[in-house]
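Okay, structure first, notes after.
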There are 2 protein chains.
Amino acid sequence: MTVTIREVAKAAGVSITTVSRALNGYSDVNLDTKRKVLEVAERLNYRPSQVARSLVMKRTRTIGLLISDFNREPGGQYFMFDVLAGIHERLAAVGYDLTLVSTTTAQQRLVSYLDLCTEKRFDGVIVMGIRLDDPYVHEVVEAPLPSVVIDLPLISKHCAYVMTDNVNGSRFAVRHLLERGHRKIGFVNGHQQAAVSQERRRGYEDALRVQKIPYEEDWVYNADFTLQGGIRGLKELLERHKDMTAVYFASDLMAIGALRYCREQGIQVPGDLAIVGFDNIDLTQFVSPTVSTIAQPRYEMGTTATDLLIGMLDDNRLGEGRMLSPELIVRETS
Amino acid sequence: MTVTIREVAKAAGVSITTVSRALNGYSDVNLDTKRKVLEVAERLNYRPSQVARSLVMKRTRTIGLLISDFNREPGGQYFMFDVLAGIHERLAAVGYDLTLVSTTTAQQRLVSYLDLCTEKRFDGVIVMGIRLDDPYVHEVVEAPLPSVVIDLPLISKHCAYVMTDNVNGSRFAVRHLLERGHRKIGFVNGHQQAAVSQERRRGYEDALRVQKIPYEEDWVYNADFTLQGGIRGLKELLERHKDMTAVYFASDLMAIGALRYCREQGIQVPGDLAIVGFDNIDLTQFVSPTVSTIAQPRYEMGTTATDLLIGMLDDNRLGEGRMLSPELIVRETS
DNA sequence: GGTTTCGTCCGAAACGTTTTCGGTATAGGG
DNA sequence: CCCTATACCGAAAACGTTTCGGACGAAACC
């Protein structure tokens, strides 16, 4: 059926050793026989089996993309697609493959994260969308398998991470509102199982403190990154504080939900209430008014994650953390 | 390093044949020895190598997702992510892996589509985002490798396809505008290298003809699915026809671009001009006014594509075409 | 009691590569 | 003329599985 190296060898009148060497560009093969081999291989349309090669080389040149439940995070698509594009682009450049595995896969087979990866003989893994309370968090860090985690500061010898600098991102957002003269600023956070939520809260707190504004719990509402969560958060905060003039949301989706609520309630944005979101998803530019936000370099997160992983694999570097800079984008809601 | 079947055999005091049979649930192995083997395998934390297995079984249980240039289609993300989710979900259920390969990968290696797939020994392929003028279109159809193409009606013994019924989708859109009383209806199409563009134009034509309205070339503008394209299209059509009261766009992104242009020009939507888009991307619900559109069952496209492929692989069915029904969603722009 | 049958198990080949080690021939140096 | 260096090539082991064909004993049958 498929043509093997043996048939090429026979057709070219040499041993399979010589074929292998000729095709892989080794030096100690006569130029004429090399040409002959290449010509025959071309004529027979020979394609070396990567699985056979993987078996003997003990590396698959395949890295796994572990997505914690593909569609658990509503609106996570906006984030994930760009990261994925970055990962894919960089991996293609260095000749690695990417295979998708979501935790549902593991669940269905009742097998642990690490077991799955060793069965498939991945050379490395990139982990995305994992939560603080996910059971396999420690498995990722401690595994001998090189890995890089996105948006969760896990680090070890074989585990690197890349995140946006969420603390500073939050600071930018809140500082911006402060500069606009706001003093009564609420904060609607994401769910507490996300590492980024903690950091964003910290940035909010810090920015206030710099201006000697005390941080108080009841100006914060813990939602879940979703549209509905944003609506609930705004509603609740407005009830608690009639004098609130600005709200900072830990996701654009929540900010947009809030925007919708404001329209229903006749609250003028930014006149009555200023709003800043986080993520810079496409939507922010299309809703009206357009929403001010903190941009995450999503594509770059993908590429640097890949770079870190490749560094561990090919130049066996150690795991390290990489912080990417967010950027304040001022639009109409503030 | 990693524990092999040989070590399990030694530890359990049986042959590797027996270990293999025990683990794979064959019948002719004594229940006691089977238990013993399972216990030892568990204790040693044995994980069978899928690459060794692939080599001998001559199937990898891996299917390739061929994306024609990941970020060539601007706005393609909205479409692709959901399809991807559907594919992934279904594949996981039947125990296949999915590995991403974009044409850039092949280009970088100067190797044809088919060569790439045979090297990686994919069991099948799903092709997405391919254009009519892509050089490897015929390669896909004629290859012995089972494949499913999304949004391009290619069919052969080993090649199936799944698309939305774009002709009917267009009919729904235009008929809806007709029912609203419009008679002067423009059409801004996508680029001509997409198969769906031809179909959508046909649907537009048909719907008009049913109402005895002649189809005329100069009511159609060929754009490119993008925001800017939508703006250009609307502008051009408005210049050609002062009396136009409605426009149908072959993508939501174009419709939304048009919406933006209308706002700038003070054109009332739907008062002065009614608008219908295509795709039902999330954006349509967030812009103001919300845009009427034809919904594509994106997730289902992914799952049925997978079902078709699995059918060819496991039950060796032949390639077939599957049409999915679109749905008219009336919102504020019409 | 001999022959079958059945239940268990194992040896060895096969899958398609890479790589180590060594072999042969030719050329060059003394 | 002998020895060594060099260039080229091949045999065979290895990677970790699955599976075919058979072996061995015990039970069953005639």
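Labels below follow one simple rule: chain letters A, B, ... track the order of the sequence lines, proteins then strands, and each chain is numbered from 1.
Look at B:Glu119 and B:Arg121 and you find no salt bridge, because none of the NZ, NE, NH1 or NH2 atoms lies under 4.0 Å from a carboxylate O. Taking the charged nitrogens against the carboxylate oxygens, B:Arg298 and B:Glu300 have no contact shorter than 4.0 Å, which rules out a salt bridge. Electrostatic pairing of A:Arg61 and A:Asp123 does not count as a salt bridge here, judged by no charged N lying under 4.0 Å from a carboxylate O.
Contact annotation for B:Val14: backbone-only contact, meaning every heavy-atom pair under 4.0 Å involves sugar-phosphate atoms and none involves a base. Across all strands shown, A:Thr33 has heavy atoms under 4.0 Å from sugar-phosphate atoms exclusively, and none from any base.
The rotation axes computed at either terminus of the helix from C:dG1-D:dC30 to C:dG30-D:dC1 lie 60° apart, taking five pairs at each end and rounding to 10 degrees.
With rounding to whole Å, A:Asn30 atom CG is found 15 Å from D:dG10 atom C1'. The interatomic distance linking A:Asp32 (CG) with D:dC8 (P) rounds to 10 Å, in whole Å. Counting to the nearest Å, the P atom of C:dT8 and the CZ atom of B:Arg35 are 12 Å from each other.
Contact annotation: side chain of B:Asp28 to base of C:dC9, donor-acceptor pair present below 3.5 Å.
The list of salt bridge (Lys or Arg N to Asp or Glu O under 4.0 Å) pairs with a residue in residues 19-32 of chain B, not counting sequence neighbours, reads B:Arg21-B:Asp28, B:Asp32-B:Arg35. Residue pairs meeting the salt bridge (Lys or Arg N to Asp or Glu O under 4.0 Å) criterion with at least one partner in residues 94-106 of chain A, sequence neighbours excluded, are A:Asp97-B:Lys120.
By the ring-ring contact (aromatic ring centres under 6.0 Å, His included) test, A:Tyr46 is found to be paired with no residue, residues two or more places apart in sequence or in another chain being considered. For the ring-ring contact (aromatic ring centres under 6.0 Å, His included) test, residues two or more places apart in sequence or in another chain that qualify with B:Phe81 are A:Phe70.
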Could you write out each protein N or O paired with an N or O of nucleotides 15-18 of chain C at a distance under 3.5 Å?
unit_1	atom_1	unit_2	atom_2	d
C:dG16	OP1	B:Lys58	NZ	3.0
C:dT17	OP1	A:Tyr46	OH	3.2
C:dT17	OP1	A:Ser49	N	3.2
C:dT17	OP2	A:Ile5	N	2.7
C:dT17	OP2	A:Tyr46	OH	3.4
C:dT17	O5'	A:Tyr46	OH	3.0
C:dT18	OP1	A:Asn24	ND2	3.2
C:dT18	OP1	A:Arg53	NH1	3.2
C:dT18	OP2	A:Ser20	OG	2.6

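Using a 4.5 Å cut-off on side-chain heavy atoms (C-beta onward), A:Pro48 and A:Leu23 make no contact.
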